[in-house]
Amino acid sequence: MTFDSLTFAIFLAIVFPIYVLARSWPARKNILLVASCVFYGAWNPIFLLLLAFTTVFDWWAALRIHNADNDTARKRWMIASIIASVSILGYFKYAQFFANTALDGLAELGIHYRPLDLGIILPLGISFYIFESISYIVDVYKRRVEPTRNLRDYGLFMTFFPHLVAGPIMRYRDFSEQIATPRVVTIEGVSLGAYLLIGGLFLKIVCADHVFAPVANLVFSPDYQAAALGAWMGAFAFTMQVFCDFAGYSLAAIGIAMMLGIHLPANFESPFASVGMAEFMSRWHISLSNWLRDYVFNPLGHYRKGRARGHLNVMITFTLCGLWHGAAWHFVMWGAFQGLVLVVERILKDSPIGAWSIWGAQTSRALLAFFTYTLFSIGGVFFRSPDIALAWKRLTAMFTGGAADVTQFVWNGDAIIFAVGAITALLVQAWLKKRKGWAWLPDLHWALRSALLALMLLAIILSPGKTAAFIYFQF
Amino acid sequence: MNSFTTNTPATTNGAPQRWWTVWLLAIAIAASAWYAFERYWRTQGYAPTVMDSTELWAQLRDRVVKPSPPLRVALLGASRIQYGISPSAFVDEAKRLGVSVDAAMLAVNGHYPLAALRDLAADERFTGLAIVGIDSRGLQKRHREMQSKWTYFYQHDWTPARDLHRSLLTNLQRHVIASRPDFAWSNLLTRRIDGYGPPHRDYVTFLEDRSGGTDYARGNIELVRAMRVRDLRDYYAKTPVISSEQWLKDNEDVIGWVKRINARGGRVVFYREPASGEHLELDETRFPRAQYWDAFARATPATVIEFRDVPALQVDTPDTSHIDAKDIDRHTRALVGVLVARDALKR
């Protein structure tokens, strides 16, 4: 069940009033848990069992860690739990990838086997809920949080439907503090939450699928012989598309949770207004960036063990980030590219160049923000291409003009809509950068809020047909 | 405990937030604009229509594996079946002849149906009648996977949630022009920028049972016919010749699927639908009937029907490949008559 489906509209129309009308807080938590299971089971009920296993095992393991009377036992339980989580993720997400890689390796040695189809179905949202589960176990081990004895509460943390299949990736502490006391549903919260839900759907259905996808899909279709301009436009369009797709989903999730009185952390904060990739990464898929910082980069040693080791840690972290996104080499390349950009940026910042006063000027910052968007778009070529060969082809076209028989990019209706949309998106993000969160929205004049909402509603109604699956559902 | 409060807090500058006003006004504006949109396009001669999708296909695919009676009939094929057979007329004519059936349109425009037949053969629940609209060209192995996108979707991605979504969407599409992709704001704007004007008026209709019809009187028939023949010429120019021996050998798999369906009480009919003129001549040149179609008919345990053998099935094809909407009912009823006569559709 996706937020942009009519089924979800029915689902929410049933769940929300039941939740509001329930008399006690425990009853409302039970309703949310059942609703979350229905939400997930609507995709494939069998995989509810996997989710249930992960939930119950890690809940139990956390209690064992907490109750262990020595550090060795605590560590053993933590490792056992993480191995279980990583094994589940490894099997469902990476077994086919590693099998194919092994076969390719053998083929290089002249040993040929038939391609192996393991027929493994990737459970929806597995990358997200496994990461939440690991963070809980590590936090309990590090004594950052007290484990809960209430399986229902832990189950609700894992399955809470707004964030279950594509995040934001939550920490148990943030969630447990909220569900410890009854949540009060207010007109303000429901109105703003529903507003954000509509805003999220607008980003996904209107912007991602109708404004940016046509150009990205054209340029990244394998048969398209891209020239330089076309390849650049495709890269820029895809970056906007994936942002609107994923930020739209996150915004809808935040809005739905807000309607229920629960706060989810922001996942995107005007990333295209970032000056430099380090800032960009603190504004793009924030919950994943924070997770990787806390559970990979910091344990690896951060920059504490010297610059060279720090640079290596950045590369390891972002290469893993790429692999998290997808079990394919082009995702690994995407992650490694982002890591490389971060390392180069760090080196430049640490050099005398970083101290030049020119970087503080308004114009320089605007140009650097566009340069950051451009760099991320170059990396996005690896993300969007189905394989490294096509990614290389598009990158070659971007920097050398492409093959002789290229198709010249035509400034037709799709391209003009994309260009206007992209410029608008960049300007809006520059405006939004100064405003953290959504507290500014209720302060807007009611007529302006109304007009904006009417425009988004109408645009959603008039955007049928092109709706594609949320890009991050595949992860 | 009070779980819901209706007090509206003030904004940071002290003014009331007025959320009720915001929402009611926004809904009123959006609804009015939507209504105006619908009214305008209706005055321009356009109407709502159900749109095809893998989900609509999957809904009908679900139906052919439901228990009998009635006898479940899967109508497989490409455009000639989808725009040449009416499931409702099929059911009606079968009933008139004393057979209770439920016919589901699983043909997919522009895609030969062998993947769908393979999918039904692998599904032990299917014990009905599969009518496969196909010709010798479509029986080539190179076209076998054309409908695998639909079968894959059904086997891997079809869920009750999608079923409900599709049912709601079908209802919406029946009544709302705005649910047509060709009336999306982006499409209308793109067409305007590119100088194409408003969307084309349809001469092809599509119904929620996934059948359709082509009203050639409303289209430029000379142009359509020329395009069909040109496309077929291009196809044969680009496609390597396959010997009848190899072609028959490749179709041993298909015969295996037929046997599998037969073994559990089901039946399969291969039906070569009407075609005419240069189209038929081109097909006959590349795939002479005696060496291909007739040889296949002898090898398969399925019932095989060639339109040229049955006068009632020799319906006019204005574009050389598809029948006109006005002939669909007659064509369907004639086919049912032949199926009953050949005992493929049993009383």
Side-chain angles (χ1 to χ4, degrees), chain A residues 1-2 5-11 19-25 28 39 42-44 121 182-188 190-192 194-195 206 210-211 214 261 412-414 416-417 439-440 442-447 449-466, chain B residues 1-13 15-34 37 51 156-157 159-169 171-173 176 178-194 196:
Chain A
M1 201 184 307
T2 56
S5 69
L6 295 168
T7 312
F8 182 75
I10 301 282
F11 170 84
Y19 172 78
V20 171
L21 292 172
R23 297 182 71 84
S24 70
W25 178 230
R28 282 199 274 153
F39 176 85
W43 166 67
N44 190 334
I121 299 171
R183 311 308 299 165
V184 178
V185 179
T186 63
I187 280 289
E188 183 198 31
V190 173
S191 300
L192 183 56
Y195 207 106
V206 180
H210 283 257
V211 176
N412 59 12
D414 282 339
I416 290 168
I417 290 173
W440 57 271
D443 286 347
L444 276 187
H445 190 276
W446 63 268
R449 267 181 287 152
S450 220
L452 187 62
L453 183 59
L455 189 69
M456 290 194 298
L457 283 169
L458 191 63
I460 290 168
I461 291 166
L462 298 183
S463 298
K466 287 183 182 173
Chain B
M1 183 192 63
N2 182 12
S3 64
F4 188 80
T5 63
T6 54
N7 59 314
T8 304
T11 59
T12 50
N13 56 20
Q17 291 193 6
R18 303 178 76 164
W19 276 115
W20 282 110
T21 314
V22 167
W23 273 93
L24 289 175
L25 186 62
I27 289 169
I29 294 170
S32 304
W34 182 10
F37 180 90
M51 308 299 298
H156 294 88
D157 298 327
T159 63
R162 285 185 189 273
D163 194 359
L164 176 60
H165 170 79
R166 182 61 233 196
S167 298
L168 295 168
L169 187 62
N171 270 304
L172 197 66
Q173 289 179 342
V176 175
S179 62
R180 292 176 56 164
D182 47 346
F183 284 83
W185 70 271
S186 55
N187 193 52
L188 293 174
L189 185 57
T190 301
R191 290 184 68 85
R192 193 168 183 84
I193 293 168
D194 297 341
Y196 293 129

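The chains referred to below are lettered A, B, ... by the order of the sequence lines, with proteins before strands, and numbering in each begins at 1.
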Identified side-chain contact (heavy atoms from CB on, under 4.5 Å) counterpart of B/His165 within the set B/Leu169, B/Leu168, B/Asp163
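Of the listed residues B/Leu169, B/Leu168, B/Asp163, the side-chain contact (heavy atoms from CB on, under 4.5 Å) partner of B/His165 is B/Leu169.
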Sort out for me which of A/Trp446, A/Phe8, A/Phe11, A/Trp43 touches chain B most, counting heavy-atom pairs under 4.5 Å.
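The answer is A/Trp446.
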Heavy-atom cut-off 4.5 Å, strictly under: side chain, backbone, both or neither for B/Phe37 against chain A?
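Side chain only.
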Contact origin within B/Arg191 toward chain A - heavy atom pairs under 4.5 Å
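Neither part; nothing is under 4.5 Å.
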Is it the backbone or the side chain of [X] that comes under 4.5 Å from a heavy atom of chain B, or both, or neither?
X        : value
A/Tyr195 : both
A/Leu453 : both
A/Leu192 : both
A/Ile461 : both
A/Ala9   : neither

Taking every non-hydrogen atom, the tightest pair across A/Val185 and A/Val190:
CG1-CG2, 3.3 Å
For B/Asn171, all residues meeting side chain to side chain contact (heavy atoms under 4.5 Å, CB included), sequence neighbours excluded:
B/Arg174
Could you check which of B/Arg166, B/Gln173, B/Arg180 has the highest count of heavy-atom pairs closer than 4.5 Å to chain A?
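Looking at each option in turn, the highest pair count goes to B/Arg180.
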Quick check on the interface: out of B/Ile29, B/Asp157, B/Leu164, who has the most heavy-atom pairs with chain A under 4.5 Å?
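Among B/Ile29, B/Asp157, B/Leu164, the one with the most close pairs to chain A is B/Leu164.
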Is A/His210 reaching over with its side chain to a backbone N or O of B/Ser186, donor-acceptor style, under 3.5 angstrom?
no
Would you say the side-chain atoms of A/Asp414 pair up with the backbone N or O of A/Pro214, donor to acceptor, closer than 3.5 Å?
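Side chain of A/Asp414 to backbone of A/Pro214: no pair is present.
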Using the test ring-ring contact (aromatic ring centres under 6.0 Å, His included), find all partners of B/His156 that sit at least two apart in sequence or belong to another chain.
B/Tyr152
With A/Arg449 as the cation and B/Trp19 as the aromatic partner, state whether NZ or CZ is under 6.0 Å from the six-membered ring centre and within 45° of the axis.
yes
